[in-house]
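Just so it is clear, the model here is predicted, and its values are computed rather than measured.
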There are 2 protein chains.
Amino acid sequence: MKTLKHSRHREAIVRFLMTRKDHPTAEVIYNNIKQEYPKISLGTVYRNLSLLAEIGEIQKITCGDSSDHFDANINPHPHFVCKECFRIIDLEMDNLNFLNTLAEKSFDGDVEKHQLIFYGKCPDCKEKALQNQQ
Amino acid sequence: MKTLKHSRHREAIVRFLMTRKDHPTAEVIYNNIKQEYPKISLGTVYRNLSLLAEIGEIQKITCGDSSDHFDANINPHPHFVCKECFRIIDLEMDNLNFLNTLAEKSFDGDVEKHQLIFYGKCPDCKEKALQNQQ
DNA sequence: TTTCATAATAATAATCATTCCTAATTTTAT
DNA sequence: ATAAAATTAGGAATGATTATTATTATGAAA
């Protein structure tokens, strides 16, 4: 197994990700890190994001749009995706681990984790729709 | 709004999808339909899959691997993805619509639907792992 | 603190799924 | 049958992501 060496870039990626609640894409992360480290390359961002997700330090979110999103909050929690503005919102719901147990009762496999994504209209877009009606 | 015209290809795609429980990718669907309609093009498969998903006649499943998968069963149900063989399995669980209600209580948006994917080891891979231990 | 093995990187090419484009064909309402 | 509009094949284009390679940075051991 490969031993990790310290990397400023990787550290910066995690640090940046921890400041954001909106689950940015690799591209967005790249553009932001570039301000601190102008020479960083997009490939480095992708490589480190994969690595970090693999070792479980961050979480990759695949919500159905064209790009993957990343979340520094590895505590299992559901997400909401707005079908209008495509923003991703963390939902604060009670612990849903019981779903894994429930799933395991329905077949013979081992369940380790789950990803739960809700789709609909976010508070902002809901509000805008209401205003347009009047 | 565009009115749909009848299309043998689109019909064949739906018909094929209904015979499968394994949620094939566009590529797999293409290779199978090709045996009945050798001149069909991959673009046609993609276009029709998008269209069918849009009008709600089929369902697109984005589970985190490189390709989208498709399901003719539009009745909401959770999926299981094996982290070893990557197969997708339908889970037969009790109705989980209450999750949408629960989610709506946690913020101000409108929830229309959800996608629930469990990850772990499928029955076959679990069995294989056991045999290798002995 | 030098040395050295190896991880990490920049830059860029390559890959792969998916979408777009266009001219030709099919469908269907009249 | 006619014509408008949807559908198609074939291939080019796009866009996200991964792979490649030569160079640089890191960290353990001497």
Next on the checklist: At less than 3.5 Å, do the side-chain atoms of A:K5 and the base atoms of C:dT6 form a donor-acceptor pair?
Outcome noted: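 Side chain to base: pair present.
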Checklist entry - Between A:H79 and A:H23, what is the ring plane arrangement, given parallel below 30°, perpendicular above 60°, and tilted in between? => result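 The rings of A:H79 and A:H23 stand perpendicular, inter-plane angle above 60°.
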Output the single nucleotide from [options] whose closest atom is nearest the side chain of [X].
X	options	answer
B:L4	C:dT28, D:dT7, D:dA9	D:dT7
B:T44	D:dA9, D:dA16, C:dT9	D:dA9
B:H6	C:dT28, C:dA7, C:dT9	C:dT28

Expressed as a whole number of angstroms, how long is the span from [X]:[atom1] to [N]:[atom2]?
X	N	atom1	atom2	result
A:R10	D:dA25	CZ	P	16 Å
A:I61	D:dA16	CD1	P	18 Å
B:L42	C:dC16	CG	P	14 Å
A:D65	D:dT14	CG	C1'	16 Å
B:N48	C:dT26	CG	C1'	13 Å
A:Y46	C:dA13	OH	P	18 Å
A:K39	D:dT23	NZ	P	14 Å
A:E54	D:dT17	CD	P	16 Å

Checklist entry - Taking for each residue the nucleotide of DNA chain D bearing the nearest heavy atom, is the 5' side occupied by B:I40 or by A:S50? => result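 Upstream on the strand: B:I40.
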Next on the checklist: Between A:H9 and C:dA10, is there a contact of a side-chain N or O with OP1 or OP2 at under 4.0 Å?
Outcome noted: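 Checking C:dA10 against A:H9, a side-chain N or O does come within under 4.0 Å of OP1 or OP2.
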Checklist entry - Does the side chain of B:S7 get closer than 4.0 angstrom to OP1 or OP2 of D:dT8 through an N or O atom? => result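 Yes, such a contact exists.
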Checklist entry - Taking atom CD1 of A:I29 and atom CD1 of A:I40, what is their separation to the nearest 0.5 Å? => result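 Between atom CD1 of A:I29 and atom CD1 of A:I40 there are 10.0 Å.
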Next on the checklist: Need one value for A:R47: base, sugar-phosphate or nothing, where a base atom within 4.0 Å counts as base even if backbone is also close, heavy atoms only.
Outcome noted: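 Here A:R47 touches the bases of the nucleic acid.
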Item to check | Passing option when B:R87 is tested against B:D124, B:D22, B:D65 for salt bridge (charged side-chain N to carboxylate O under 4.0 Å, His left out) | outcome: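 Exactly one candidate clears the test, B:D124.
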Next on the checklist: For A:A72 versus A:M18, what's the shortest heavy-atom pair and its separation?
Outcome noted: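 Scanning both residues, the minimum pair turns out to be CB-CG, 3.7 Å.
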Checklist entry - Salt bridge or not for A:R8 and A:E36, using N-O below 4.0 Å? => result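 Not counted as a salt bridge, because no side-chain N and carboxylate O are separated by less than 4.0 Å.
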Item to check | Earlier contact from the 5' end, DNA chain C, for A:L51 and A:G43 | outcome: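 Counting from the 5' end, the first nearest nucleotide belongs to A:L51.
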